[in-house]
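Written below as C-alpha coordinates is the structure these notes are about.
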Amino acid sequence: MNIITKQLNISADSINLDRFGNAEDILFIDIETTGFTATSSSLYLIGCAYKDGLMFTCKQFFAEKTSEESRILEEFLSFASRFKILVHFNGNNFDVPYIQDKCEKYGLECHVSDMVGIDLYKRISPLKTFLKLPNVKQKTLEQYLHVTRRDTCSGKDLINVYHDYLNLFSVDALSRLITHNEEDLQGMIRICPMLSYSDLFTGKIVVSKVDMDRYVDNEGTQRCELVMKLKLPNPLPQETTSVDYGYYFKGEGDVGILKVPVFDCELKYFYANYRDYYYLPVEDEALHKSVASFVDRDHRVQATAATCYTKVHSLFLQQWEPLFLPLYKIDYHSQNLFLEITDERKKDREFFSEYASYVLNHISR
(Lines give C-alpha, C1' and ligand atoms only; values in the text may rest on other atoms or scores of the structure.)
Protein backbone atom coordinates (compact mmCIF):
# COMPACT_ATOMS: atom_id res chain seq x y z
CA MET A 1 0.00 0.00 0.00
CA ASN A 2 1.17 3.48 -0.81
CA ILE A 3 -0.14 6.71 0.75
CA ILE A 4 0.70 9.83 -1.26
CA THR A 5 0.25 13.28 0.27
CA LYS A 6 0.66 16.45 -1.77
CA GLN A 7 -0.28 20.10 -1.42
CA LEU A 8 -2.50 21.35 -4.23
CA ASN A 9 -2.00 24.70 -5.86
CA ILE A 10 -5.45 25.93 -4.89
CA SER A 11 -5.99 28.69 -2.38
CA ALA A 12 -8.69 27.85 0.14
CA ASP A 13 -9.82 31.48 0.02
CA SER A 14 -10.69 31.10 -3.68
CA ILE A 15 -13.37 28.51 -2.88
CA ASN A 16 -16.42 29.43 -0.85
CA LEU A 17 -16.46 26.40 1.43
CA ASP A 18 -18.78 28.16 3.87
CA ARG A 19 -21.71 27.24 1.64
CA PHE A 20 -21.17 23.61 2.73
CA GLY A 21 -20.45 24.19 6.39
CA ASN A 22 -17.32 24.54 8.53
CA ALA A 23 -14.34 24.38 6.15
CA GLU A 24 -12.37 22.20 8.57
CA ASP A 25 -15.12 19.54 8.43
CA ILE A 26 -15.13 19.15 4.63
CA LEU A 27 -13.54 16.27 2.75
CA PHE A 28 -13.59 15.93 -1.05
CA ILE A 29 -13.44 12.34 -2.30
CA ASP A 30 -12.96 10.49 -5.59
CA ILE A 31 -12.29 6.77 -6.04
CA GLU A 32 -10.78 4.70 -8.85
CA THR A 33 -11.97 1.14 -9.50
CA THR A 34 -11.66 -1.56 -12.15
CA GLY A 35 -15.43 -1.60 -12.73
CA PHE A 36 -18.80 -0.21 -11.72
CA THR A 37 -19.97 -3.03 -9.46
CA ALA A 38 -18.28 -3.59 -6.11
CA THR A 39 -18.91 -7.34 -6.17
CA SER A 40 -17.07 -7.88 -9.47
CA SER A 41 -14.33 -5.22 -9.47
CA SER A 42 -11.51 -3.87 -7.35
CA LEU A 43 -11.06 -0.61 -5.51
CA TYR A 44 -7.45 0.44 -6.00
CA LEU A 45 -7.30 4.17 -5.24
CA ILE A 46 -9.13 6.44 -2.82
CA GLY A 47 -8.27 10.08 -3.26
CA CYS A 48 -9.37 12.86 -0.95
CA ALA A 49 -8.65 16.55 -0.50
CA TYR A 50 -9.19 18.95 2.36
CA LYS A 51 -8.42 22.47 3.51
CA ASP A 52 -4.99 22.54 5.11
CA GLY A 53 -4.12 26.02 6.32
CA LEU A 54 -4.31 28.45 3.42
CA MET A 55 -4.25 25.73 0.74
CA PHE A 56 -5.71 22.30 -0.03
CA THR A 57 -3.91 19.02 0.54
CA CYS A 58 -4.51 15.85 -1.45
CA LYS A 59 -4.11 12.44 0.20
CA GLN A 60 -4.31 9.26 -1.89
CA PHE A 61 -4.55 5.69 -0.66
CA PHE A 62 -3.21 3.41 -3.41
CA ALA A 63 -3.38 -0.41 -3.53
CA GLU A 64 -0.13 -1.67 -5.02
CA LYS A 65 -1.74 -5.11 -5.12
CA THR A 66 -5.41 -6.03 -5.39
CA SER A 67 -5.08 -7.82 -2.05
CA GLU A 68 -4.50 -4.43 -0.41
CA GLU A 69 -8.05 -3.28 -1.10
CA SER A 70 -9.17 -3.73 2.52
CA ARG A 71 -6.04 -1.97 3.84
CA ILE A 72 -6.57 1.20 1.83
CA LEU A 73 -10.21 1.19 2.96
CA GLU A 74 -9.20 0.93 6.61
CA GLU A 75 -6.58 3.66 6.30
CA PHE A 76 -8.97 5.96 4.47
CA LEU A 77 -11.82 5.40 6.94
CA SER A 78 -9.49 6.11 9.85
CA PHE A 79 -8.31 9.34 8.25
CA ALA A 80 -11.82 10.41 7.15
CA SER A 81 -13.25 9.97 10.65
CA ARG A 82 -12.15 13.50 11.57
CA PHE A 83 -14.44 15.04 8.92
CA LYS A 84 -18.21 15.53 8.95
CA ILE A 85 -19.02 16.61 5.37
CA LEU A 86 -18.28 14.53 2.27
CA VAL A 87 -18.21 16.33 -1.09
CA HIS A 88 -18.16 14.30 -4.29
CA PHE A 89 -19.22 14.34 -7.94
CA ASN A 90 -22.00 11.84 -8.65
CA GLY A 91 -20.90 10.04 -5.52
CA ASN A 92 -24.49 9.34 -4.52
CA ASN A 93 -24.72 6.96 -7.45
CA PHE A 94 -21.21 5.51 -7.40
CA ASP A 95 -18.47 6.39 -4.88
CA VAL A 96 -20.49 6.22 -1.66
CA PRO A 97 -22.49 3.00 -2.37
CA TYR A 98 -19.31 1.36 -3.76
CA ILE A 99 -17.43 2.10 -0.54
CA GLN A 100 -20.40 0.90 1.52
CA ASP A 101 -20.48 -2.40 -0.37
CA LYS A 102 -16.74 -2.92 0.11
CA CYS A 103 -17.01 -2.11 3.82
CA GLU A 104 -19.77 -4.67 4.16
CA LYS A 105 -17.60 -7.23 2.40
CA TYR A 106 -14.74 -6.72 4.85
CA GLY A 107 -16.85 -6.14 7.94
CA LEU A 108 -15.68 -2.54 8.32
CA GLU A 109 -17.71 0.20 9.95
CA CYS A 110 -18.59 2.62 7.16
CA HIS A 111 -19.03 5.94 8.92
CA VAL A 112 -19.03 7.83 5.58
CA SER A 113 -22.71 6.89 5.47
CA ASP A 114 -23.24 9.11 8.49
CA MET A 115 -21.45 12.11 7.00
CA VAL A 116 -23.37 14.94 5.39
CA GLY A 117 -23.16 14.19 1.68
CA ILE A 118 -22.91 16.92 -0.95
CA ASP A 119 -23.14 15.72 -4.55
CA LEU A 120 -21.89 18.47 -6.87
CA TYR A 121 -23.34 16.67 -9.87
CA LYS A 122 -26.81 16.71 -8.36
CA ARG A 123 -26.55 20.38 -7.45
CA ILE A 124 -25.16 21.56 -10.79
CA SER A 125 -27.32 19.39 -13.11
CA PRO A 126 -30.34 21.77 -12.99
CA LEU A 127 -28.09 24.47 -14.52
CA LYS A 128 -27.54 22.57 -17.76
CA THR A 129 -30.13 24.45 -19.82
CA PHE A 130 -29.48 27.84 -18.25
CA LEU A 131 -25.72 27.62 -18.93
CA LYS A 132 -26.24 25.94 -22.32
CA LEU A 133 -24.05 22.98 -21.37
CA PRO A 134 -23.91 19.94 -23.71
CA ASN A 135 -23.81 17.66 -20.64
CA VAL A 136 -22.96 17.81 -16.94
CA LYS A 137 -19.81 15.69 -16.93
CA GLN A 138 -17.10 16.97 -14.61
CA LYS A 139 -14.67 17.61 -17.46
CA THR A 140 -17.33 19.62 -19.30
CA LEU A 141 -17.80 21.81 -16.24
CA GLU A 142 -14.05 22.23 -15.91
CA GLN A 143 -13.85 23.32 -19.55
CA TYR A 144 -16.65 25.82 -18.94
CA LEU A 145 -14.51 27.41 -16.24
CA HIS A 146 -11.31 27.09 -18.34
CA VAL A 147 -9.73 24.61 -15.94
CA THR A 148 -6.83 22.87 -17.68
CA ARG A 149 -5.65 19.30 -17.16
CA ARG A 150 -2.43 17.42 -17.83
CA ASP A 151 -4.31 14.15 -17.64
CA THR A 152 -6.03 12.92 -20.80
CA CYS A 153 -7.24 9.53 -19.55
CA SER A 154 -10.78 8.51 -18.81
CA GLY A 155 -11.74 6.30 -15.90
CA LYS A 156 -12.17 3.45 -18.36
CA ASP A 157 -8.65 3.98 -19.76
CA LEU A 158 -7.24 3.73 -16.25
CA ILE A 159 -8.41 0.15 -15.81
CA ASN A 160 -5.85 -1.02 -18.36
CA VAL A 161 -3.26 1.34 -16.89
CA TYR A 162 -3.75 -0.24 -13.46
CA HIS A 163 -3.42 -3.73 -14.92
CA ASP A 164 -0.16 -2.59 -16.55
CA TYR A 165 1.02 -1.39 -13.17
CA LEU A 166 0.17 -4.71 -11.50
CA ASN A 167 2.07 -6.64 -14.17
CA LEU A 168 5.10 -4.37 -14.59
CA PHE A 169 5.09 -2.04 -11.55
CA SER A 170 5.61 0.73 -14.09
CA VAL A 171 6.47 4.13 -12.65
CA ASP A 172 4.80 5.74 -15.64
CA ALA A 173 1.59 3.80 -15.03
CA LEU A 174 1.62 4.78 -11.35
CA SER A 175 2.12 8.43 -12.28
CA ARG A 176 -0.81 8.35 -14.70
CA LEU A 177 -3.10 6.76 -12.09
CA ILE A 178 -2.14 9.21 -9.36
CA THR A 179 -2.30 12.23 -11.68
CA HIS A 180 -5.78 11.39 -12.98
CA ASN A 181 -7.21 11.01 -9.51
CA GLU A 182 -5.45 14.14 -8.26
CA GLU A 183 -6.79 16.19 -11.15
CA ASP A 184 -10.29 14.81 -10.60
CA LEU A 185 -10.05 16.13 -7.05
CA GLN A 186 -8.63 19.47 -8.16
CA GLY A 187 -11.35 19.80 -10.80
CA MET A 188 -14.00 18.99 -8.22
CA ILE A 189 -12.73 21.77 -5.97
CA ARG A 190 -12.40 24.25 -8.82
CA ILE A 191 -15.96 23.73 -10.09
CA CYS A 192 -17.47 24.52 -6.67
CA PRO A 193 -17.86 28.21 -7.65
CA MET A 194 -20.42 27.04 -10.24
CA LEU A 195 -22.83 26.75 -7.34
CA SER A 196 -22.97 30.55 -7.47
CA TYR A 197 -25.20 30.06 -10.52
CA SER A 198 -27.56 27.99 -8.36
CA ASP A 199 -27.60 30.87 -5.89
CA LEU A 200 -29.29 32.97 -8.59
CA PHE A 201 -32.39 30.84 -8.06
CA THR A 202 -32.15 30.00 -4.37
CA GLY A 203 -30.38 33.02 -2.88
CA LYS A 204 -31.46 36.57 -2.24
CA ILE A 205 -31.54 38.79 -5.35
CA VAL A 206 -31.49 42.50 -4.58
CA VAL A 207 -32.60 45.05 -7.19
CA SER A 208 -30.44 48.13 -6.74
CA LYS A 209 -31.81 50.18 -9.64
CA VAL A 210 -34.90 50.16 -11.88
CA ASP A 211 -35.39 52.00 -15.17
CA MET A 212 -38.18 51.99 -17.76
CA ASP A 213 -36.83 51.95 -21.31
CA ARG A 214 -39.02 52.79 -24.31
CA TYR A 215 -37.73 52.00 -27.77
CA VAL A 216 -38.77 51.17 -31.35
CA ASP A 217 -38.05 47.62 -32.50
CA ASN A 218 -36.84 46.53 -35.94
CA GLU A 219 -40.41 46.43 -37.23
CA GLY A 220 -41.11 49.99 -36.13
CA THR A 221 -43.27 48.97 -33.17
CA GLN A 222 -43.11 50.94 -29.94
CA ARG A 223 -41.84 48.76 -27.12
CA CYS A 224 -41.25 49.16 -23.43
CA GLU A 225 -39.04 47.18 -21.06
CA LEU A 226 -38.06 47.21 -17.44
CA VAL A 227 -34.29 47.27 -16.86
CA MET A 228 -33.22 46.11 -13.40
CA LYS A 229 -29.71 46.21 -12.01
CA LEU A 230 -29.19 43.31 -9.62
CA LYS A 231 -26.88 42.60 -6.71
CA LEU A 232 -26.25 38.85 -6.96
CA PRO A 233 -25.95 36.56 -3.91
CA ASN A 234 -22.40 35.45 -4.82
CA PRO A 235 -19.92 36.37 -7.58
CA LEU A 236 -20.30 34.28 -10.74
CA PRO A 237 -17.13 32.48 -11.91
CA GLN A 238 -17.84 33.30 -15.56
CA GLU A 239 -19.98 35.89 -17.29
CA THR A 240 -23.26 34.38 -18.42
CA THR A 241 -26.20 35.55 -20.50
CA SER A 242 -29.65 34.11 -21.05
CA VAL A 243 -32.33 35.18 -23.52
CA ASP A 244 -35.85 33.79 -23.41
CA TYR A 245 -38.65 35.30 -25.52
CA GLY A 246 -37.83 38.91 -24.79
CA TYR A 247 -36.39 38.29 -21.33
CA TYR A 248 -32.68 39.02 -21.05
CA PHE A 249 -30.24 38.35 -18.22
CA LYS A 250 -26.54 39.07 -18.01
CA GLY A 251 -24.47 38.29 -14.94
CA GLU A 252 -20.84 39.20 -14.36
CA GLY A 253 -19.18 39.01 -10.97
CA ASP A 254 -21.79 39.92 -8.38
CA VAL A 255 -23.71 42.28 -10.70
CA GLY A 256 -26.57 41.35 -13.01
CA ILE A 257 -28.78 43.09 -15.54
CA LEU A 258 -32.31 41.81 -16.11
CA LYS A 259 -34.54 43.17 -18.87
CA VAL A 260 -38.21 42.20 -18.99
CA PRO A 261 -40.98 43.30 -21.38
CA VAL A 262 -43.52 45.82 -20.13
CA PHE A 263 -46.96 45.72 -21.75
CA ASP A 264 -48.70 49.09 -22.14
CA CYS A 265 -52.20 47.89 -22.91
CA GLU A 266 -55.74 47.21 -21.75
CA LEU A 267 -56.38 43.99 -19.85
CA LYS A 268 -59.25 42.49 -17.90
CA TYR A 269 -59.62 41.75 -14.24
CA PHE A 270 -62.16 38.96 -13.64
CA TYR A 271 -64.30 38.93 -10.51
CA ALA A 272 -64.63 35.52 -8.87
CA ASN A 273 -68.25 35.68 -7.66
CA TYR A 274 -69.87 36.33 -11.06
CA ARG A 275 -73.39 35.45 -9.79
CA ASP A 276 -73.32 38.72 -7.84
CA TYR A 277 -72.72 40.77 -10.99
CA TYR A 278 -74.52 42.02 -14.06
CA TYR A 279 -72.76 42.40 -17.37
CA LEU A 280 -73.40 45.66 -19.24
CA PRO A 281 -72.93 44.93 -22.98
CA VAL A 282 -72.74 48.59 -24.05
CA GLU A 283 -70.10 49.45 -21.46
CA ASP A 284 -68.46 46.02 -21.90
CA GLU A 285 -67.88 45.52 -18.19
CA ALA A 286 -69.51 43.98 -15.15
CA LEU A 287 -70.99 45.81 -12.17
CA HIS A 288 -71.97 44.45 -8.80
CA LYS A 289 -75.72 43.95 -8.49
CA SER A 290 -75.88 46.40 -5.61
CA VAL A 291 -74.98 49.09 -8.14
CA ALA A 292 -76.11 47.61 -11.46
CA SER A 293 -79.67 47.07 -10.16
CA PHE A 294 -80.22 50.74 -10.97
CA VAL A 295 -79.37 50.12 -14.63
CA ASP A 296 -82.25 49.60 -17.04
CA ARG A 297 -83.05 45.88 -17.41
CA ASP A 298 -82.64 46.14 -21.19
CA HIS A 299 -79.00 47.20 -20.73
CA ARG A 300 -77.88 44.47 -18.35
CA VAL A 301 -77.68 40.67 -18.31
CA GLN A 302 -76.59 38.17 -15.71
CA ALA A 303 -72.80 38.00 -15.80
CA THR A 304 -71.04 34.76 -16.56
CA ALA A 305 -67.53 33.76 -15.53
CA ALA A 306 -66.30 34.94 -18.95
CA THR A 307 -68.06 38.34 -18.83
CA CYS A 308 -67.56 39.23 -15.18
CA TYR A 309 -64.69 41.68 -15.58
CA THR A 310 -63.56 45.24 -15.51
CA LYS A 311 -61.06 46.66 -17.97
CA VAL A 312 -57.87 48.43 -16.94
CA HIS A 313 -55.42 50.29 -19.18
CA SER A 314 -52.03 50.37 -17.49
CA LEU A 315 -48.49 49.02 -17.55
CA PHE A 316 -48.26 45.25 -16.94
CA LEU A 317 -45.64 42.58 -16.38
CA GLN A 318 -46.13 38.94 -17.30
CA GLN A 319 -46.29 36.13 -14.77
CA TRP A 320 -46.61 32.41 -15.35
CA GLU A 321 -48.34 31.37 -12.14
CA PRO A 322 -50.83 33.31 -10.00
CA LEU A 323 -48.13 34.66 -7.71
CA PHE A 324 -48.74 38.41 -7.73
CA LEU A 325 -52.31 39.58 -7.16
CA PRO A 326 -54.56 40.89 -8.58
CA LEU A 327 -54.35 38.92 -11.82
CA TYR A 328 -55.06 40.39 -15.26
CA LYS A 329 -55.76 38.51 -18.49
CA ILE A 330 -56.50 39.23 -22.14
CA ASP A 331 -59.68 37.16 -21.94
CA TYR A 332 -61.18 34.59 -19.64
CA HIS A 333 -59.64 31.52 -21.29
CA SER A 334 -56.19 33.04 -21.78
CA GLN A 335 -53.31 31.19 -20.12
CA ASN A 336 -51.18 34.35 -20.01
CA LEU A 337 -51.29 36.10 -16.66
CA PHE A 338 -50.20 39.65 -15.87
CA LEU A 339 -49.66 41.92 -12.90
CA GLU A 340 -50.07 45.69 -12.88
CA ILE A 341 -47.19 48.06 -12.21
CA THR A 342 -49.12 50.26 -9.84
CA ASP A 343 -47.83 53.54 -8.42
CA GLU A 344 -47.28 51.75 -5.13
CA ARG A 345 -45.24 48.99 -6.76
CA LYS A 346 -43.09 51.51 -8.61
CA LYS A 347 -41.76 52.61 -5.22
CA ASP A 348 -41.43 49.10 -3.79
CA ARG A 349 -37.87 47.81 -4.23
CA GLU A 350 -38.77 44.56 -2.46
CA PHE A 351 -41.42 43.89 -5.08
CA PHE A 352 -38.91 44.30 -7.91
CA SER A 353 -36.42 42.02 -6.11
CA GLU A 354 -39.09 39.36 -5.71
CA TYR A 355 -40.19 39.70 -9.32
CA ALA A 356 -36.57 39.54 -10.57
CA SER A 357 -36.05 36.25 -8.68
CA TYR A 358 -39.31 34.97 -10.11
CA VAL A 359 -38.28 35.77 -13.70
CA LEU A 360 -34.82 34.25 -13.27
CA ASN A 361 -36.34 31.02 -12.03
CA HIS A 362 -38.66 30.95 -15.03
CA ILE A 363 -36.04 31.54 -17.73
CA SER A 364 -33.72 28.97 -16.14
CA ARG A 365 -36.10 26.09 -16.88
Side-chain angles (χ1 to χ4, degrees), residues 123 125-131 195-214 223-234 236 240-251 254-274 276-277 285-286 303 305-365:
R123 293 200 178 192
S125 288
L127 300 170
K128 178 183 175 182
T129 300
F130 180 72
L131 296 177
L195 295 177
S196 292
Y197 296 115
S198 296
D199 296 337
L200 292 175
F201 317 114
T202 59
K204 174 70 173 177
I205 297 289
V206 176
V207 173
S208 58
K209 186 179 180 181
V210 182
D211 289 312
M212 193 82 72
D213 184 20
R214 295 183 182 272
R223 300 287 184 188
C224 184
E225 66 181 5
L226 203 63
V227 182
M228 292 176 279
K229 185 176 181 181
L230 316 178
K231 176 69 171 63
L232 306 181
N234 285 298
L236 304 180
T240 186
T241 59
S242 180
V243 181
D244 183 80
Y245 297 102
Y247 295 83
Y248 170 86
F249 169 76
K250 177 181 178 182
D254 62 355
V255 176
I257 295 294
L258 180 63
K259 299 180 180 180
V260 301
V262 175
F263 302 89
D264 185 349
C265 60
E266 183 178 84
L267 294 175
K268 298 172 181 177
Y269 171 74
F270 289 85
Y271 301 108
N273 51 336
Y274 66 88
D276 295 335
Y277 286 80
E285 66 176 0
T307 62
C308 191
Y309 57 77
T310 187
K311 294 183 291 185
V312 176
H313 193 119
S314 186
L315 299 177
F316 298 93
L317 297 171
Q318 188 173 6
Q319 56 180 328
W320 298 269
E321 295 86 22
L323 179 63
F324 300 92
L325 301 176
L327 298 175
Y328 293 87
K329 302 166 75 172
I330 297 172
D331 56 53
Y332 183 71
H333 296 289
S334 175
Q335 298 299 309
N336 295 319
L337 306 177
F338 298 86
L339 63 99
E340 184 183 6
I341 308 178
T342 61
D343 289 339
E344 183 180 359
R345 279 176 171 160
K346 289 177 183 177
K347 303 171 186 176
D348 187 351
R349 196 59 57 85
E350 281 298 317
F351 158 72
F352 286 114
S353 295
E354 186 178 0
Y355 183 70
S357 293
Y358 175 70
V359 171
L360 280 174
N361 273 278
H362 177 77
I363 66 177
S364 70
R365 298 172 187 171

*Using modelled atom types only, decide if a donor and an acceptor are shared between the side chain of S208 and the backbone of K229 within a distance under 3.5 Å.*
yes
*asked:* As an exercise, state the distance from CD1 of I341 to CZ of F352, rounded to the nearest 0.5 Å.
replied: 6.0 Å
_Could you go through V260 and Q318, starting from their C-alpha distance and side-chain angles, then the distance that decides it, and tell me whether this counts as side chain to side chain contact (heavy atoms under 4.5 Å, CB included)?_
CA-CA 9 Å; V260 301; Q318 188 173 6; over 6 Å; no
*asked:* Does any part of the side chain of K231, heavy atoms only, come nearer than 4.5 Å to the side chain of V255, both counted from C-beta?
replied: no
*T240 side, atom OG1; L127 side, atom CG - distance, nearest 0.5 Å*: 9.5 Å
*asked:* With a 4.0 Å cut-off on N to O distance, would you call D213 and K259 a salt bridge?
replied: no
_Neighbour count >12 (heavy atoms, 6.0 Å) for atom CD, Q335_ = no
*To the nearest 0.5 Å, how far apart are CG in L267 and CD1 in I330?*
6.5 Å
*At their closest point, which heavy atom of Y271 faces which heavy atom of A286, and how far apart are they?*
CE1-O, 4.1 Å
*Would you check if the side chain of T307 reaches a backbone N or O of A303 as a donor-acceptor pair within less than 3.5 Å?*
no
_Taking every non-hydrogen atom, the tightest pair across P322 and L327_ = CB-CD1, 3.6 Å
_Y328 versus E340, side-chain donor and acceptor atoms under 3.5 Å_ = yes
*Do you know which two heavy atoms are closest between V262 and M212, and how far apart they sit?*
CG2-SD, 3.7 Å
_Can you tell me which residue among D199, L360, L200 is in a side chain to side chain contact (heavy atoms under 4.5 Å, CB included) with L232?_
L200
*asked:* Testing the basics here: between D211 and K209, what is the closest heavy-atom pair and its distance to 0.1 Å?
replied: OD2-CE, 3.3 Å
*Would you say T241's side chain and K250's backbone share a donor-acceptor pair under 3.5 angstrom?*
no
*Between F351 and Y355, what is the ring plane arrangement, given parallel below 30°, perpendicular above 60°, and tilted in between?*
parallel
*Rounded to the nearest 0.5 Å, what's the gap from CZ on F249 to CE on M228? Could you check?*
11.0 Å
*asked:* Test your reading of the model: is there a side-chain donor-acceptor pair from S364 to the backbone of N361, 3.5 Å cut-off?
replied: yes
_R349 side chain reached by V210 side chain, heavy atoms, under 4.5 Å_ = yes
*Return the minimal non-hydrogen interatomic distance between P326 and Y269, and the atom names on each side.*
CB-CE1, 3.6 Å
*Give me the one residue out of Y245, F338, Y247 that meets ring pair (Phe, Tyr, Trp, His ring centres under 6.0 Å) with W320.*
Y247
*Charged N to carboxylate O under 4.0 angstrom, D348 versus R345?*
no
*Looking at CG of D264 and CZ of R223, how far apart are the two atoms once the value is rounded to the nearest 0.5 Å?*
11.5 Å
_Let me confirm one number: the CZ-CG distance from F316 to N336, rounded to the nearest 0.5 Å._
13.5 Å
*Work out which heavy atom in K204 is nearest to a heavy atom in E350; give both atom names and the distance.*
NZ-OE1, 3.3 Å
*Side chains of H362 and D244: closer than 4.5 Å at any heavy-atom pair?*
yes
*Is the Lys NZ or Arg CZ of K311 less than 6.0 Å from the centre of Y309's six-membered ring, within 45° of the axis?*
no
*With a 4.5 Å heavy-atom cut-off, do S353 and V207 have their side chains touching?*
yes
